[in-house]
Amino acid sequence: MTQTPPDLPLRALFDAQYQASRAQIDVPLSLRLDRLRRLRALIDTHGAALAEAVQADFGVRSTRLTEVADFFVLRSLLGDLERHTGAWMKTRRVRTPLYLLPASAHIQRQPLGVVGVIGPWNYPLQLTLGPAATALAAGNRVMVKPSELTPHSSGLLATLLHQAFSADELCVAQGGPDVAREFASLPFDHLFFTGSTAVGRQVAAAAAANLTPTTLELGGKSPCIVDASADLDAVAIQIAHGKLLNAGQTCIAPDYLLLPQGREAEFERAFAAAVTRLFPTGAAHPDYASIVTDRHHARLLALVDEAQAQGARVVEVAARIGSGHARQMTPVLVFQPAADARLMREEIFGPVLPVLSYTKPDDAIATINAGPRPLALYWFGRDTAARDRVLRGTVSGGVTVNDTLLHIAHENLPFGGVGESGWGAYHGETGFLRFTQQKPVLVQSRWAASSLFYPPYGARFDRVMGLLKRWL
């Protein structure tokens, strides 16, 4: 392996990976597994330091939260990849149609080459290393651009990866928006981005100049529907957990709630009790994350202020007990915000939950379908007919029924968006194939009958076509 210095310019780093990927197209299982095991060893050895770095980036971000939301998910992913990569990379034989017999055919699974991964700040370890690990399992070389908003974790991750991998295997490019733009403009064989829809548009435009295929894991306004058959006391804890994990800074967090009309006060009480159960000292609790930057915090406050000025009822939930961190934002319920409020037009990405009332289930479906297709959808209730009506009547990236977030943790479910919430999916074999060229190969037999289809066409051709018409 070429030991390319990691501080080379972006283009030089890319060129080193490109040349290495073309020099070794057939990447053996042993090398793929070795790379995965090096990633696992990095997490096992340096997990505590990485979690402390994430804590430093956020101000308050419990190391135990990083353990469950980043490392637990990564270990599960790595275990799945280690168990299945050998089977997933095997050539697949496919049935040959009658008119091509006795030829045979198969699909050869090969690495794409060089994959770029642009990671987000909200889960800076899981959502950066997860796609990178999957691309390595598929036999690719990987360049990573972590978020500049989490400089402590990004810097430590870069150091550790450069110690564990040669730069022509896996390397890290650090920097701000200028570096990100240059990174996205490199002619990768595939570019993977996780982040906002606005930045995703820019990434897609930059990649298009090189005809680089992309996977865009974006976000949007993921609805949470409470059916009339739901027990609010039972479901409030699940909704609160999904909304307030990482203080709502989760791409699949419930973005707004659709609630049967007349149950607003009941939900307000149940939600407040659930928040107190999760975070007994309210927004000052050490397991309740702070908002990542002052700018993001100010934006959230402005969204709430605007909705309130337009007539929405704002309720702060679970008062702060103790001082806490300045950016630990008290959870907020916003009842009946105006449809044109920024709160209802922008992805919230914080501990603010708009609550909209509906009278008929079809009204809730219509509200969802009036906006862009969401990354996630959540439904709560016991009426399976009502549940199926919603599932048939809406399109979303993924769904969890009677809980939140958990579809992302299922190894065999593809994860991805649709429409403005993104395109392309990963996790499990779906992710492996996302970074794989499935090359179709037809092997002709020495006894091939393909000459029957050659010109000049005449009576024999007509007889052959007549027989085929009966069989097809």
Side-chain angles (χ1 to χ4, degrees), residues 1-43 74 77-78 81-82 85-86 88-89 108-119 125 127-146 154 157-175 179-180 182-194 203 206-207 210-215 424 426 431-439:
M1 295 183 293
T2 304
Q3 295 295 324
T4 309
D7 56 351
L8 283 177
L10 271 180
R11 184 68 203 210
L13 286 169
F14 172 83
D15 288 343
Q17 290 209 350
Y18 181 89
Q19 292 163 11
S21 71
R22 270 54 182 178
Q24 187 185 33
I25 291 174
D26 187 18
V27 181
L29 175 62
S30 59
L31 180 54
R32 301 182 192 208
L33 293 179
D34 174 64
R35 290 169 176 166
L36 295 175
R37 288 163 184 158
R38 276 183 270 164
L39 269 184
R40 181 184 287 275
L42 183 153
I43 294 169
L74 280 171
L77 169 69
L78 287 167
L81 292 172
E82 290 167 10
T85 291
W88 291 341
M89 64 186 286
Q108 186 177 4
R109 294 182 169 180
Q110 295 181 300
L112 292 175
V114 183
V115 172
V117 175
I118 301 177
L125 306 176
L127 294 179
T128 301
L129 292 180
T134 307
L136 289 175
N140 298 284
R141 313 289 172 136
V142 182
M143 291 180 67
V144 169
K145 165 61 178 76
S154 295
L157 190 62
T159 297
L160 296 175
L161 289 174
H162 288 149
Q163 291 172 356
F165 295 87
S166 68
D168 66 358
E169 289 181 296
L170 173 59
C171 66
V172 179
Q174 295 191 81
V179 172
E182 183 184 357
F183 190 94
S185 68
L186 292 171
F188 291 109
D189 295 294
H190 195 96
L191 180 59
F192 190 103
F193 169 81
T194 303
V203 170
N210 296 310
L211 297 181
T212 297
T214 57
T215 298
Y426 72 121
F432 182 92
L433 294 179
R434 193 71 184 162
F435 299 119
T436 296
Q437 166 59 13
Q438 296 199 76
K439 185 169 71 178

Spatial distance of atom CD1 (Ile118) from atom CZ (Phe183) [nearest 0.5 Å]: 5.5 Å
Which residues share a side-chain hydrogen bond (donor to acceptor under 3.5 Å, both in side chains) with Glu82, sequence neighbours left out: Arg40
Which residue pairs satisfy the salt bridge (charged side-chain N to carboxylate O under 4.0 Å, His left out) criterion with at least one member in residues 13-31, sequence neighbours excluded? Arg11-Asp15, Arg22-Asp189
side-chain contact (heavy atoms from CB on, under 4.5 Å) partners of Thr212, counting only residues at least two apart: Phe188, Leu191, Ala207, Asn210
Below 3.5 Å, can you tabulate the donor-acceptor pairs from side chains in residues 133-140 to any protein atom, sequence neighbours excluded?
unit_1 : atom_1 : unit_2 : atom_2 : d
Thr134 : OG1    : Gly130 : O      : 3.0
Asn140 : OD1    : Leu112 : N      : 2.8
Asn140 : OD1    : Gly113 : N      : 2.8
Asn140 : ND2    : Ala135 : O      : 3.0
Asn140 : ND2    : Phe435 : O      : 2.9

Residue from Val117, Leu10, Leu170, Val115 passing side-chain contact (heavy atoms from CB on, under 4.5 Å) with Met143: Leu10
Just verifying a value: how many Å separate Arg109 CZ and Lys439 NZ, rounded to the nearest 0.5 Å? 14.0 Å
Sequence neighbours excluded, the answer for salt bridge (charged side-chain N to carboxylate O under 4.0 Å, His left out) partners of Arg32 is none
Return the set of residues passing side-chain contact (heavy atoms from CB on, under 4.5 Å) with Ser154 (not counting sequence neighbours), or none when no residue passes. Pro146, Thr150, Gln174
Not counting sequence neighbours, which residues clear side-chain hydrogen bond (donor to acceptor under 3.5 Å, both in side chains) with Gln19? List them please. none
Atom pair CD/CD of Gln110 and Gln438 - distance to nearest 0.5 Å: 11.0 Å
Could you work out, with side-chain contact (heavy atoms from CB on, under 4.5 Å) as the rule, every residue matching Leu29, not counting sequence neighbours? Leu33, Thr85, Met89
Test item: Arg38 side-chain N/O and Ala164 main-chain N/O as donor-acceptor pair under 3.5 Å: yes
